[in-house]
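See structure below.
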Amino acid sequence: MPARLNSGDTAWMLTATALVLLMTIPGLALFYGGMVRRKNVLATLAQSFAATALMTVLWMVIGYSLAFKANPDPGLDLFIGGLSHLFLAPLTTNALTGTIPEALFMMFQMTFAIITPALIAGAFADRMKFSAYLWFSGLWLILVYCPIAHWVWGGGWLFTMGALDYAGGSVVHLNAGTAALVCAIVLGKRLGHGTGNMAPHNLVLSVIGASLLWVGWFGFNAGSALTAGGSAAMSMTATQIAAAAAALAWMFAEWLIAQKPSVLGMISGAVAGLVAITPAAGFVDPVGALFIGIAAGLVCYVAAVWMKKALGYDNSLDAWGVHGVGGALGAILTGLFASSAINPAGKGWAADGNAGQMLIQLYDVLGTFAYSAIVTWLILKVVDLMVGLRVSAEVEVEGLNVNLHGESVGH
Amino acid sequence: MKLITAIIKPFKLDEVRESLSALGVQGMTVTEVKGYGRQKGHTEIYRGAEYAVSFLPKLKIEVAVKGEMLEAVIDAITSKAKTGQIGDGKIFVTPLEQVVRIRTGETDGDAL
């Protein structure tokens with residue numbers, strides 16, 4: 001029987017696509033924007049907004065084809081997709097992916113391609129040139145995101161191996177977090193890091209942003225079911241539980257260690273939980289989601305607060321500590337908690353005795369980390385030669401709003 | 001005539017104002033200021049990054065009074081603005097040479 005369009009599935013995926021776009025603008029833009037100093041807030045918002053526009057066009061021109069269309073060479077197809085859908089030329093109104101229009105599937109995936117490079121911006125807030133940012137994120141989409149998306153979701157080697165990544169724990173979060181770590185190391189610390197006051201200028205913006213991320217994440221995770229059914233509902237359940245558990249875990253850990261339960265801590269914990277449940281949602285039961293959330297809150301707290309200090313890099317907004325570490329943790333724990341009772345496609349260690357899945361998840365993490373780190377480093381070096389990565393010391397001290405964009409907030 | 005400049009904790013303003021009104025003080029100027037004395041500042045922690053905030057928010061109130069009112073006003077401010085905790089503030093008294101009410105041209109004691 002030929003596949004038929006299901007209007008319920010289509011209606012949900014239209015909604016989910018809008019929700020995921022909401023995560024980047026204004027969710028991520030506000031989350032990051034509130035954490036920087038006032039003189040750089042517009043430059044930080046500009047990064048999310050420009051990424052949205054630039055990734056949309058690049059996805060239409062080449063990204064979708066490279067990530068999701070088969071490569072005519074079966075050997076190459078393990079690593080990168082084909083060029084059949086350049087400029088989306090063959091896309092028709094009637095084309096289907098599963099039970100939804102292919103145009104809708106392409107749009108849903110586009111919103112993932114938008115947020116992933118935008119996440120990296122947390123590493124170079126306050127000090128990167130806007131031109132370098134555009135070059136970097138455009139090249140990164142094509143050379144890093146598209147291949148890794150193809151590996152896991154487009155029929156590439158991790159897909160063939162059976163790696164479980166429901167909504168992008170490694171493709172999106174570990175990938176962006178790794179790139180953020182490399183960016184922080186290559187760019188170097190902000191001027192005055194460790195001596196000057198770099199406190200967030202307006203955490204109200206960050207709370208609004210994190211809350212929009214949380215809500216938008218239902219589109220991200222439950223939308224990754226690609227259908228409007230039990231899998232989407234279970235995925236949404238896991239998402240909510242993990243976000244809440246992680247927010248509590250981070251909050252109580254901080255309360256215990258640093259004496260006060262900070263607002264920034266609560267929202268960071270929620271985001272960490274959302275990141276960690278991303279690969280697992282749709283594969284784990286509610287109790288598995290609870291454990292993943294608690295683990296994410298505690299581990300990401302340690303990563304963002306202690307490890308960063310111990311290693312001495314300046315990952316300004318903790319894209320690595322939250323997204324990289326949370327994504328890797330979630331990917332591994334998916335192998336532990338996946339249950340065939342929830343999703344027959346995912347047999348984990350705890351419920352199904354499939355210890356081998358843990359190893360596959362480890363390959364997924366190591367492969368993503370290694371490829372993302374190396375190619376990110378190469379792109380940074382090339383962009384540095386082309387336009388220079390970092391603004392001058394004078395511009396950095398005076399602020400990016402005025403110097404990069406000719407505007408300021410608040411008079 | 002004296003100009004009394006007092007730095008006080010912001011939450012004490014209403015009590016101080018009421019007690020000065022009761023003494024017959026007719027006017028006051030209040031400014032939000034930041035500063036530090038023995039209280040020093042406090043520490044803010046954002047994801048483990050500690051920042052010392054050395055200037056704390058205080059209120060500066062300015063009151064011009066006749067010489068004979070001075071002691072009563074100082075007593076009122078001292079008793080009402082006091083918590084006994086470090087950081088209660090200070091009172092500065094300076095001599096005042098001349099006062100003019102702009103609307104009427106009245107001067108000195110008549111202008112207070």
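Letters A, B, ... are given to chains in the order of the sequence lines, protein chains preceding strands, and every chain is numbered from 1. Model, not experiment: these values are computed from the prediction.
Only the side chain of A:Met35 has a heavy atom closer than 4.5 Å to any heavy atom of chain B. No part of A:Ile257 comes within reach of chain B, as not one of its non-hydrogen atoms sits under 4.5 angstrom from that chain.
The environment of CZ in A:Phe291 is sparse: at most 12 heavy-atom neighbours from other residues, nucleotides or ligands sit within 6.0 Å. No more than 12 heavy-atom neighbours from other residues, nucleotides or ligands sit within 6.0 angstrom of CZ on A:Arg38. The number of heavy-atom neighbours closer than 6.0 Å to OH of B:Tyr36, taken from other residues, nucleotides and ligands shown, is 12 or below.
Closest non-hydrogen pair, B:Arg47 versus A:Leu317, comes out as NH1-O, 3.0 Å. The shortest non-hydrogen separation linking A:Val305 to B:Gly48 is CG1-CA, 3.6 Å. Contact between B:Tyr51 and A:Gly196 at its shortest, heavy atoms only, is CE2-O, 3.5 Å.
In terms of heavy-atom pairs under 4.5 Å with chain B, the best-connected choice from A:Ser262, A:Ala258, A:Gly321, A:Pro200 is A:Pro200.
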